[in-house]
Amino acid sequence: MSGTNEHPPAYDPAIVEPKWRRRWEERRTNTVDLTGAARPFYNLMMFPYPSAEGLHVGNVFAFIGSDIHGRYRRLQGYDVFEPIGFDAFGIHSENYALKVDTHPAKLIPRNIVRFREQLRRVGLMVNWEHELSTTDPTYYRWTQWVFLQLYRAGLAEKKAAPVNWCPECKTVLANEQVINGFCERHPEIAVIQRVLEQWFFMITRYAERLLDNLATLDWSDTTRTAQVNWIGRSDGAELVFETPVGEPIAVFTTRPDTVFGATYVVLAPEHPLVERLTAAEHRSDVNAYLRHVAQTDLVSRKVGGNDKTGVFTGSYARNPATGETIPIWIADYVLMEYGTGAIMAVPAHDERDFEFATAFGLPIVPVIEPADGVSGTLPFTDWDGTLVNSGAFDGLGCREAVGAVTRWLEERALGAGRVQYRLHDWCISRQRYWGPPIPMLYCDACGTVPVPEADLPVILPPLENFRPDESGISPLARNEAWYRVPCPTCGGPARRETDVSDTFLDSAWYFLRYPSTGFDDRPIDATVTKKWLPVNTYIGGNEHAVLHLMYSRFITMVLHDLGHLDFEEPYRTFRAHGMIVKDGAKMSKSRGNVVVPDEYIGQWGADTFRLYMMFLGPYLEGGDFRDEGIIGQRRFLDKVWDLVGAVTAGAPEPNEAVRKLHQTVRGVTDDIAALHYNTAIAKMMEYVNVLRGAGEVPAALVEPLVTMLSPFAPHFAEECWERLGHEGTVFESGWPTFDADLAREDQVEIVVQVNGKVRGRVRAVAGLPEETAVTLAREDASLRKFLNDKTIRKTVYVADRLVNFVI
RNA sequence: GCCCGGGUGGCGAAACGGCAGACGCAAGGGACUUAAAAUCCCUUGGGGGCAACCCCAUCUGGGUUCGAAUCCCAGCCCGGGCACCA
């Protein structure tokens with residue numbers, strides 16, 4: 001075998017990568033002992049929706065970044081659990097299935113096979129023994145169980161609610177499928193609204209806790225801010241406007257200080273008092289208006305600013321502050337789902353009311369004078385003003401007037417302080433096929449009855465034709481054999497709920513299931529959950545900053561309150577990574593700019609590709625995908641490969657390379673911890689460049705490099721580790737430590753400035769006292785012409801870095 | 001309209017308020033080669049100068065500071081999210 005002119009083998013990922021993937025499987029390298037682990041660390045990444053196109057580079061970017069974190073934690077000595085699964089139910093899969101005319105039950109398993117293969121090839125430290133899919137009855141059985149827990153807790157309610165309806169598709173559309181009021185699939189068809197019975201989760205009852213807890217979480221600020229805004233807390237008051245029909249109109253306002261300027265009241269078209277307050281002679285106008293509103297879809301109704309429409313009811317209400325009677329109008333700029341569904345209109349101090357009052361010739365009474373005394377143009381909506389035309393409150397500042405006016409009205413039972421949230425209750429009904437059936441029954445005798453937990457799962461029945469139709473009722477309603485069942489309570493005839501639940505319910509609890517996938521008789525095993533949860537680090541995209549992250553926090557809180565969990569926040573640390581775009585735009589099938597990683601991984605290997613994705617730009621910011629420059633990462637690996645092949649025995653002499661090693665360990669450690677992967681790679685490259693210029697390189701200088709590189713290029717690092725004579729896995733080598741003394745430079749270059757401009761540099765021993773350094777700087781020859789005989793007014797000294805003379 | 005990001009060489013980018021452009025790509029020159037590829041060495045923000053050096057330069061305009069890519073104010077552009085929320 002051995003020749004005389006033996007060259008070390010060149011690095012070939014096509015050999016190295018399959019070899020190590022096989023070994024990891026054989027040796028169960030990525031499997032953690034869930035019961036025995038001493039230092040459990042739960043590293044979570046967002047499970048993908050297994051689309052027909054396969055994983056794209058955006059998904060892979062997210063996974064690689066999370067995987068690097070997991071591997072880094074493992075090297076620090078943690079027992080890292082890094083699971084993956086598939087978010088395979090939902091309207092995406094269903095719509096795609098309809099389009100290609102293949103049943104999702106056939107399509108999805110096919111896609112999952114492809115995804116698994118792609119994920120495997122990326123070289124993630126995934127523990128495949130805990131894989132899950134939301135479409136698996138052993139999973140959605142417990143999704144249904146979660147629904148029942150909420151129902152038991154009184155947090156699930158069925159009520160009528162408007163939905164978007166496309167008359168052409170003959171189906172309910174999600175808000176995101178409505179584009180400027182038109183159906184996304186039929187751009188010429190206007191979407192209308194229809195009222196259907198839907199199941200809701202009462203997440204609004206948790207609004208305050210969801211908001212307050214945010215301050216305690218270690219989350220990316222952008223994500224936290226998004227949640228704060230989504231919850232949208234407003235402090236204000238609910239005020240009472242008496243009406244001739246006995247029942248008063250309650251309005252919510254954040255500006256009770258402007259109540260003296262309320263010149264009319266507006267009801268949402270769906271407001272319960274509309275009917276009773278409509279005077280006979282206005283009946284036909286009102287009915288015509290209500291019909292008009294029903295023709296408009298929910299989205300374009302809210303897209304607004306412009307043309308206000310409305311109609312007068314013919315009735316009047318009493319302004320609780322002035323005692324005057326003011327007209328009651330109906331207008332669709334008032335939304336039933338926010339506040340009380342009615343407002344007091346203060347046209348002088350609200351943009352929308354001003355527009356409406358102008359359009360319909362209603363009176364505009366200013367009650368706030370701008371603080372600067374200049375009577376500004378109306379509407380004046382700022383807080384910095386004083387009250388006028390407001391009786392005893394004239395002269396008060398707006399902010400103090402809020403409390404004073406509210407208290408005054410409260411004494412007469414005409415108002416009270418109130419907090420309002422923008423957060424809506426979570427509609428979880430979908431009149432669709434591809435989801436877990438909602439586990440409820442309707443019995444003629446007993447009414448609404450939950451499916452007993454022992455009868456779960458309610459299996460989603462095979463259905464040849466799952467296309468939604470004009471009925472607005474789920475396709476499951478066509479399967480009579482399935483929905484007709486005896487009532488579990490009385491045995492009489494009952495029918496199943498035929499709606500399925502929202503995909504966001506599937507994903508709201510998947511992280512709770514991963515550690516417990518081995519238990520088929522319970523959703524969440526108490527012992528294993530206590531050990532592994534809450535999640536230590538969750539890394540994912542900010543596109544889920546509100547919905548998914550909010551829903552999973554809510555579900556976790558509810559399960560905690562019911563005694564199923566002993567923590568109420570699911571994710572200790574959340575980091576939002578950036579988005580990978582292509583040519584400046586989000587990747588999407590419709591844009592045709594989706595890039596899949598397969599070709600690159602095939603050509604360069606996973607390790608080069610992983611490094612490349614992470615080097616593309618800051619992980620937390622994302623960037624535009626392009627493929628120029630992959631070669632740079634391959635060159636880097638080749639250089640490390642050559643260093644590994646040429647190491648010498650013996651201990652390293654203290655020299656420049658040793659210092660650089662310790663600096664590199666320090667820098668890379670900090671960078672990885674902060675998810676600054678691009679600069680971590682750059683620092684390793686610098687170190688490699690130093691080693692290459694250093695002549696003989698002892699193994700002790702290369703081994704820590706291999707370890708630091710291993711989270712980024714795991715297969716490559718394993719092979720190098722083996723070539724360095726080690727058995728086992730590099731992931732048990734331990735994260736390298738650094739010595740601050742050895743990292744310290746003993747010579748520094750001090751920049752000498754005159755008035756902030758660099759005029760010279762002096763080399764000096766590090767750590768010089770200020771006086772010595774300043775003297776040294778002043779004597780520098782290149783400074784002479786700038787200083788000459790001028791007086792130095794001030795000297796600024798930054799240790800080991802700079803001296804600045806101000807003249 | 002509102003809320004988040006972001007604007008730095010030919011390109012991706014770096015830079016505790018302290019030498020702007022680390023690291024990498026591309027490009028140009030050279031070495032090796034019959035040749036090409038690969039590899040190695042050198043150059044590479046703009047302008048001036050034989051040169052040591054000097055001037056200009058981080059979207060624009062102001063400000064704070066001994067000193068600003070970085071902090072503050074105003075504006076422009078790009079990306080993402082929300083959208084009549086009273």
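Just so it is clear: chains get the letters A, B, ... in the order the sequence lines come, proteins before strands, and each one is counted from 1. No experiment lies behind these values; they were computed from the predicted model shown.
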Distance check needed: [N] [atom2] versus [X] [atom1], whole Å only.
{"X": "A/Leu267", "N": "B/A86", "atom1": "CG", "atom2": "C1'", "answer": "13 Å"}
{"X": "A/Trp219", "N": "B/C4", "atom1": "CH2", "atom2": "C1'", "answer": "16 Å"}
{"X": "A/His544", "N": "B/G81", "atom1": "NE2", "atom2": "P", "answer": "12 Å"}
{"X": "A/Asp257", "N": "B/A86", "atom1": "CG", "atom2": "C1'", "answer": "13 Å"}
{"X": "A/Leu335", "N": "B/C82", "atom1": "CG", "atom2": "P", "answer": "17 Å"}
{"X": "A/Phe241", "N": "B/A86", "atom1": "CZ", "atom2": "P", "answer": "16 Å"}
{"X": "A/Met587", "N": "B/G80", "atom1": "CE", "atom2": "C1'", "answer": "15 Å"}
{"X": "A/Phe356", "N": "B/A86", "atom1": "CZ", "atom2": "P", "answer": "19 Å"}

(message) Closest approach to the side chain of A/Thr222, judged atom by atom: which nucleotide of B/A86, B/C3, B/C4 is it?
(response)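 Of the options given, the side chain of A/Thr222 lies nearest B/C4.
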(message) Heavy atoms from C-beta onward define the side chain here; which of B/A86, B/C3, B/G80 lies closest to that of A/Met579?
(response)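 Closest nucleotide to the A/Met579 side chain: B/G80.
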Taking the six-membered ring for Trp, are [X] and [Y] parallel (under 30°), tilted (30 to 60°) or perpendicular (over 60°)?
{"X": "A/Phe61", "Y": "A/His577", "answer": "perpendicular"}
{"X": "A/Phe716", "Y": "A/Trp641", "answer": "tilted"}
{"X": "A/Tyr677", "Y": "A/Phe712", "answer": "perpendicular"}

(request) Look at the side-chain N and O atoms of A/Thr795 and state whether any lies under 4.0 Å from the OP1 or OP2 oxygen of B/C66. (result)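 Answer no for this pair, as no side-chain N or O of A/Thr795 is under 4.0 Å from OP1 or OP2.
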(request) Could you tell me whether the phosphate oxygens of B/C54, OP1 or OP2, come under 4.0 Å of any side-chain nitrogen or oxygen in A/Arg759? (result)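 So the side-chain polar atoms of A/Arg759 do come within 4.0 Å of the phosphate oxygens OP1 or OP2 of B/C54, strictly under.
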(message) Check this for me: A/Glu208, atom CD, are more than 12 non-hydrogen atoms of other residues, nucleotides or ligands nearer than 6.0 Å?
(response)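 No, because the 6.0 Å sphere around CD of A/Glu208 holds 12 heavy atoms or fewer from other groups.
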Please give the nucleotide sitting opposite [N] as a Watson-Crick or G-U wobble pair, both distances under 3.5 Å, or none.
{"N": "B/A68", "result": "none"}
{"N": "B/C50", "result": "none"}
{"N": "B/A15", "result": "none"}
{"N": "B/A38", "result": "none"}
{"N": "B/G9", "result": "none"}
{"N": "B/G1", "result": "B/C82"}
{"N": "B/A22", "result": "none"}

(request) Go through the side-chain N and O atoms of A/Tyr333 and A/Asp353 and say whether any donor and acceptor fall under 3.5 Å apart. (result)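 Checked: A/Tyr333/A/Asp353 side chains pair up, N/O donor to acceptor below 3.5 Å.
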(request) Select base, sugar-phosphate, or nothing to describe what A/Arg233 touches, counting heavy atoms under 4.0 Å on all strands. (result)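 If one applies the 4.0 Å heavy-atom cut-off, A/Arg233 turns out to touch nothing in the nucleic acid.
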(message) Within the 4.0 Å limit for protein heavy atoms, which parts of nucleotides 10-25 of chain B are touched? Write it as a string from 5' to 3', B for base, S for sugar-phosphate only, - for none.
(response) --BSS-B-BB--BBSS
(request) For this output row, return yes or no: ring centroids of A/Tyr264 and A/Phe356 closer than 6.0 angstrom. (result)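 Close enough - the centres of the two rings lie under 6.0 Å apart.
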(message) Is the terminal nitrogen or CZ of A/Arg224 (NZ for Lys, CZ for Arg) located under 6.0 angstrom from the six-membered ring centre of A/Trp230 and within 45° of that ring's axis?
(response)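 Ring-cation test returns no.
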(message) Between A/Arg659 and A/Glu656, does any side-chain N to carboxylate O distance fall below 4.0 Å?
(response)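 Looking at A/Glu656 together with A/Arg659, the answer is yes, because their closest N to O distance falls below 4.0 Å.
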